[in-house]
There are 2 protein chains.
Amino acid sequence: MKYSIGEFSRLTNLGIHTLRYYEQEKLISPERNSANRRCYNDKDMAWIAFIKRLKATGMPIKEIKRYAQLRSSGNSSLNERLEILIQHRQILDDQIKQLKEHQAKLNEKIEFYKEEIASQNLSIQSTFRKETIFL
Amino acid sequence: MKYSIGEFSRLTNLGIHTLRYYEQEKLISPERNSANRRCYNDKDMAWIAFIKRLKATGMPIKEIKRYAQLRSSGNSSLNERLEILIQHRQILDDQIKQLKEHQAKLNEKIEFYKEEIASQNLSIQSTFRKETIFL
DNA sequence: ATACAACATAGAGTTCCCTCTATGTCAAGG
DNA sequence: CCTTGACATAGAGGGAACTCTATGTTGTAT
């Protein structure tokens, strides 16, 4: 299947401007038809999906660009690409580890807040009780 | 303990400029001494540590600022702060879930690459074998 | 034929989060 | 006393990743 930039934008959730920007940055190079219109295909689709994954895991555009260049240079770059991927996996693993730590601490903090609030409500309640007693 | 901005910068790993920027953005309001110099204390330290956590989990400065404002408005804002925290926990949980998914897919991709490379090495080997046979 | 929407490019603008520069003040050491 | 270095403010600069504007072209429906 072939897609115009409009269709492709809808299918990838990526905004026409963003797609053109990615092309400018050489992340992707769709074919052109006779009228110079961009013609994205299913391979582009899969590639964009992967780009989105890399981005979502914090890889900067520049690094994705490097990967894209290797990709376009064919099979001889497989090893180098694999290395980038393995390196990025390490980064991702660390990232997840960090986030889990933050998650644990945040949970602690939330528990602390709940207790704090509970004890406040208690003192309000007792004040209220006193008031009802003394009124 | 009290710290000058220089010391505090070293202790927090946050760059003097960044600390001043955070103050400008009202994330933190250290006291000043007679000479108008900033005097950070241990409470500021703990607070900065928490700011760093919020940042590291993707909370934008503006939202941290909102939290900081509530914090400075005292105990009456405990509930509201708790809500921000709980909401942020949700975001963090989702984030971790997403990253794990990306991790799984990345691992798949890496395995795929390894196989690809292995089969290439094989074909090179066999070409090489042919050559050695036919030479 | 003409109107219209979708496409094209070049380049400016925006947002976020710093980071740096220019300029000035002040306290302490040689 | 004077230099030095850490501090102060105000505001400019920078990079990343978009996002938008201006202007022009093309293909299709009326």
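In what follows, chains are A, B, ... by sequence order, proteins preceding strands, each numbered from 1.
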Participant: I would like to know whether B:Glu83 and B:Asn79 meet side chain to side chain donor-acceptor pair (under 3.5 Å); could you show each step before the answer?
Facilitator: CA-CA 6 Å; B:Glu83 247 177 60; B:Asn79 276 292; over 6 Å; no

Participant: Do other residues, nucleotides or ligands put more than 12 heavy atoms under 6.0 Å from A:Glu31 CD?
Facilitator: no

Participant: May I have the step-by-step check of side-chain contact (heavy atoms from CB on, under 4.5 Å) for A:Ile61 and A:Lys55, ending in yes or no?
Facilitator: CA-CA 7 Å; A:Ile61 297 282; A:Lys55 273 198 50 54; 4.2 Å; yes

Participant: Take atom CZ of A:Phe8 and atom C1' of C:dA8, then tell me their distance rounded to the nearest Å.
Facilitator: 18 Å

Participant: Side chains of A:Asp94 and A:Gln90: do they bring a donor and an acceptor to under 3.5 Å?
Facilitator: yes

Participant: When the distance from OH of B:Tyr40 to P of D:dC7 is rounded to whole Å, what number comes out?
Facilitator: 10 Å

Participant: Among B:Lys109, B:Glu108, B:Gln103, which residue meets the side chain to side chain contact (heavy atoms under 4.5 Å, CB included) test with B:Lys105?
Facilitator: B:Glu108

Participant: When you look at B:Asp44 and B:Tyr3, which way does the side-chain contact (heavy atoms from CB on, under 4.5 Å) test go after all the steps?
Facilitator: CA-CA 10 Å; B:Asp44 293 321; B:Tyr3 314 96; over 6 Å; no

Participant: If you compare all heavy atoms of A:Tyr22 against all heavy atoms of A:Leu14, which two are closest, and at what distance to 0.1 Å?
Facilitator: CE1-CD1, 4.0 Å

Participant: Please list, in numerical order, the residues of residues 12-37 of chain A that have a heavy atom closer than 4.0 Å to any atom of DNA chain D.
Facilitator: A:His17, A:Thr18, A:Tyr21, A:Tyr22, A:Ala35, A:Arg37

Participant: Please report the shortest heavy-atom distance between A:Ser9 and A:Gly15, naming the atom on each side.
Facilitator: OG-N, 3.4 Å

Participant: Can you tell me how far C1' of C:dT9 sits from CD1 of A:Ile5, to the nearest Å?
Facilitator: 12 Å

Participant: Using a cut-off of strictly less than 4.0 Å, decide whether A:Arg10 has a side-chain nitrogen or oxygen near OP1 or OP2 of C:dA6.
Facilitator: no

Participant: Specify the residues of residues 52-63 of chain B, ordered by number, for which at least one heavy atom lies under 4.0 angstrom from an atom of DNA chain D.
Facilitator: none

Participant: In whole angstrom, what separates A:Ile51's CD1 from D:dA17's C1'?
Facilitator: 14 Å

